[in-house]
Amino acid sequence: MASKTTNPFVFLQQVRSETAKVTWPSRRETMISTVMVLAFALIAMIFFFTADQIMGIAVEQILGIGR
C-alpha cells in the first residue's frame, strides 16, 4: 500500500485543527483526578503490603522457618 505524502506545513495545520476539537479537562478536574489516583494507589499499596505480611507469617507458621 502506497501512502499519500503530506507537506509538513499541511500536516501541522491538520494537527492544529484536530487539537482544537479536543475537550480538555479543567484544572479542577485534573487535580481531582490526580488526587483520586494517588489515593487509590495508596489504598492498593496498604492492601498488598498487609496481604504480603499475613501470607509471610502464615508460611512461616506452616513451614516452621524464619525463626
Side-chain angles (χ1 to χ4, degrees):
M1 289 180 58
S3 64
K4 183 178 175 184
T5 59
T6 305
N7 179 341
F9 182 71
V10 173
F11 175 74
L12 290 175
Q13 284 179 330
Q14 292 172 348
V15 168
R16 266 186 105 177
S17 67
E18 289 298 320
T19 304
K21 296 176 187 178
V22 175
T23 304
W24 298 100
S26 67
R27 180 178 296 267
R28 185 173 190 273
E29 290 171 332
T30 303
M31 290 301 294
I32 289 172
S33 297
T34 301
V35 169
M36 288 177 64
V37 166
L38 293 175
F40 280 108
L42 180 67
I43 291 168
M45 179 189 69
I46 292 169
F47 171 77
F48 286 114
F49 177 77
T50 305
D52 182 56
Q53 293 299 313
I54 291 171
M55 285 186 266
I57 292 170
V59 168
E60 285 180 5
Q61 293 296 321
I62 292 169
L63 299 177
I65 60 173
R67 292 184 224 176

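Hydrogens, waters and symmetry mates play no part in the numbers below; they use all other heavy atoms, side chains included. Keep in mind the model is a prediction, meaning the values are calculated, not measured.
A 4.5 Å side-chain heavy-atom check between W24 and T30 finds every atom pair outside the cut-off.
Atom CD1 of I57 and atom CG of D52 lie 10.0 Å apart (nearest 0.5 Å). Note that CZ of F48 and CE of M55 are 9.0 Å apart. Values are rounded to the nearest 0.5 Å. The structure places OG1 of T34 at 11.5 Å from CD of E29, a figure rounded to the nearest 0.5 Å.
Although no hydrogens or angles enter the test, the distance criterion places a donor-acceptor pair under 3.5 Å between the side chain of S17 and the main chain of Q14.
For E18, the side chain to side chain donor-acceptor pair (under 3.5 Å) partners at least two apart in sequence or on another chain are K21.
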